[in-house]
Amino acid sequence: MHFEICDHRPLSKVGWDIEERWKDLRIHIESMWEQHSEKHVLRVNRSNILYDTVGSLFYAIQCRDFEVLKKPLKVVFVGEVGEDEGGLKNEYFTILFKQILSKEYDMFVYNEETRRFWLKASPKRQFFEYYLAGLLFGLAIYNLAPINIPLPQVFYRKLIGGVGRFSDLRDFDPTLEKNLNHILEYEGDDIYDTFGITLLKNGKEIPVTQENKKEYVFNHVNNLLNEDIKEQFKHFQNGFLDSPARGELLFSYFRPSELSDIFSGKYCIETLKSITTYEGDYNGESDVVKNLWEILQEEDESFLKSFLMFVTGSECMPMTGSSLTIQRQGPDSDMLPFASTCFNILLLPDYSSKEKLLEKFKNALQFCEGFGSQ
């Protein structure tokens, strides 16, 4: 199934801000969950998470029976105690996509300048694995799991039938855009001598000239954004369109450009504050709470990611409609902070100083993955 929409506005909910649209999408998805009396239980080992996932989904994929995927997902980590109220599911998708996007897995390449991923042109992986990645991407969205999958805007346009074009380079690779523009603007007759570039035509490489430089630029962009990753993308797209979050659901709420920002792990302390509640005699003016927000503001992004992973099971900002709770865990002590990722609750002793709070948190975050789950 392929369809294309313009990027200048969503198909519906016109005039709503992004948070309002997320809330409405959440309500819509939760109403879809309510049509099922039970959850789809996914049992995985942390050490074999991708293999176990394939095994769990294999029947549905092979028989093309995707109704089971419309059930809300419940994750069980084999050998661990913990009831999934959302935190384990978030942690599962975080671990899963870290593996899929990793350099070792060889499916995607990372651009250091834009801090975004792109499909690898000559991967060692099978095309089925791209299909699976697309299906899991849709499942994460359908299960309202906050995910950090930094992809350029053109990726989302292509998901709904669009093609990559020169204007996409501004978001995809601004250095390449600058270099290609330099070629287009160059007026000398010595393009080949200056840039050393050739154009492949009828199986032969010929020097780039003023007459064929536009063709060179078009071919370069078309190969990079379309032809070189054609099969990989087609399988990813087919997997996504087989998921319950298929395009007509997601893209009726958001522009492709908005989705690129939403799933690219942008962090805002003020937004995190706005969804935080307090219990056990804590409030926003408690000294330890103010110290915590100051630390999160002062530390680097990797610390904030670890903090979110510790409390919520995901490195991403909680999605609209979610909340985080900070609860007092007794007076000042040498205990480490404790978290229930199932319920997004941070249990925090009333540490006597900002320095002590930071020290205890750094110790706790060393054991972030799987630590403190209830």
Side-chain angles (χ1 to χ4, degrees), residues 1-33 35 64 66-67 69-73 93 97 100-101 108 114 116-119 130-165 167-172 225-226 229-230 232-266 316-322:
M1 177 179 65
H2 299 281
F3 55 95
E4 185 169 5
I5 61 174
C6 298
D7 192 32
H8 62 85
R9 69 174 192 176
L11 290 181
S12 63
K13 320 302 178 189
V14 177
W16 292 21
D17 65 27
I18 288 181
E19 287 198 5
E20 288 176 323
R21 282 180 267 151
W22 262 123
K23 288 177 182 178
D24 196 66
L25 176 60
R26 186 185 190 94
I27 292 170
H28 181 72
I29 289 177
E30 288 175 345
S31 70
M32 295 172 68
W33 293 352
Q35 297 174 24
R64 301 202 56 79
F66 299 110
E67 281 301 308
L69 303 184
K70 294 181 180 179
K71 298 177 181 180
L73 188 64
F93 280 113
F97 280 106
I100 290 173
L101 294 172
F108 291 81
T114 62
R116 296 180 190 273
F117 288 91
W118 189 244
L119 300 171
Y130 284 96
Y131 172 88
L132 181 64
L135 182 66
L136 291 169
F137 178 58
L139 277 179
I141 295 169
Y142 179 72
N143 283 278
L144 299 175
I147 49 177
N148 182 9
I149 308 178
L151 296 165
Q153 296 176 20
V154 61
F155 193 93
Y156 294 97
R157 280 202 307 102
K158 286 172 68 69
L159 273 183
I160 49 175
V163 294
R165 56 199 182 195
S167 59
D168 291 313
L169 293 182
R170 186 166 302 170
D171 168 66
F172 177 84
L225 299 182
N226 301 308
I229 49 94
K230 185 176 182 179
Q232 300 91 302
F233 187 85
K234 181 179 74 174
H235 284 78
F236 186 101
Q237 181 185 44
N238 288 341
F240 174 73
L241 294 176
D242 280 341
S243 77
R246 59 180 72 88
E248 68 267 23
L249 173 61
L250 186 63
F251 288 95
S252 65
Y253 283 85
F254 302 103
R255 307 176 185 94
S257 57
E258 291 172 330
L259 290 172
S260 180
D261 287 339
I262 288 169
F263 296 128
S264 290
K266 294 191 174 181
C316 302
M317 291 284 291
M319 298 177 101
T320 297
S322 302

Mind listing the closest non-hydrogen atom pair of F93 and I147 along with its distance?
-> CB-CG2, 4.1 Å
For Y142, the side-chain hydrogen bond (donor to acceptor under 3.5 Å, both in side chains) test, sequence neighbours excluded, returns none
Can you name the closest pair of heavy atoms from R26 and L144 and give their distance?
-> CG-CD1, 3.4 Å
S257 and R255: side-chain donor and acceptor closer than 3.5 Å?
-> no
Write down the atom of L69, the atom of P244, and the distance for their closest heavy-atom approach.
-> O-CG, 3.4 Å
Which heavy-atom pair separates L169 from L225 by the least distance, and what is that distance?
-> CD2-CD1, 4.5 Å
Applying side-chain hydrogen bond (donor to acceptor under 3.5 Å, both in side chains), name anything that partners D168, two or more places apart in sequence or on another chain.
-> R157
Decide ring-ring contact (aromatic ring centres under 6.0 Å, His included) for F155 and F236; before the verdict, give the C-alpha distance in whole Å, the side-chain angles of both, and the deciding distance to 0.1 Å.
-> CA-CA 11 Å; F155 193 93; F236 186 101; 5.1 Å; yes
Under 3.5 Å donor-acceptor, S243 side chain and L135 backbone = no
For V154 and R165, what are the C-alpha separation, side-chain angles and deciding distance, and is it a side-chain contact (heavy atoms from CB on, under 4.5 Å)?
-> CA-CA 8 Å; V154 61; R165 56 199 182 195; over 6 Å; no
Can you measure from NZ (K234) to CD1 (I229) and round to the nearest 0.5 angstrom?
-> 12.0 Å
Relative to each other, are the rings of F108 and Y130 parallel, tilted or perpendicular (30° and 60° limits)?
-> tilted
Is there a ring-ring contact (aromatic ring centres under 6.0 Å, His included) between W22 and Y253 once you walk through the steps?
-> CA-CA 8 Å; W22 262 123; Y253 283 85; 8.5 Å; no
Can you name the residues that form a salt bridge (charged side-chain N to carboxylate O under 4.0 Å, His left out) with K70, not counting sequence neighbours?
-> E67
Nearest-0.5 Å distance that lies between atom CD1 in I141 and atom CD1 in I29 | 8.5 Å
Between the main-chain N or O of E20 and the side-chain N or O of D24, is there a donor-acceptor pair closer than 3.5 Å?
-> no
Once the angle between the rings of F137 and F263 is folded into 0 to 90°, is it parallel (under 30°), tilted (30 to 60°) or perpendicular (over 60°)?
-> perpendicular
Minimum heavy-atom distance A245-G138, with the two atoms named = CB-O, 3.3 Å
Please confirm whether the backbone N or O of Q237 pairs with a side-chain atom of K158, one donor and one acceptor, at under 3.5 Å?
-> no
Shortest non-hydrogen contact between I149 and Y156, atoms and distance = O-OH, 4.0 Å
Are any of the side-chain heavy atoms of L159 and L259 separated by less than 4.5 Å?
-> no
Using a 4.5 Å cut-off on heavy atoms from C-beta on, say whether the side chain of S260 contacts that of L151.
-> no
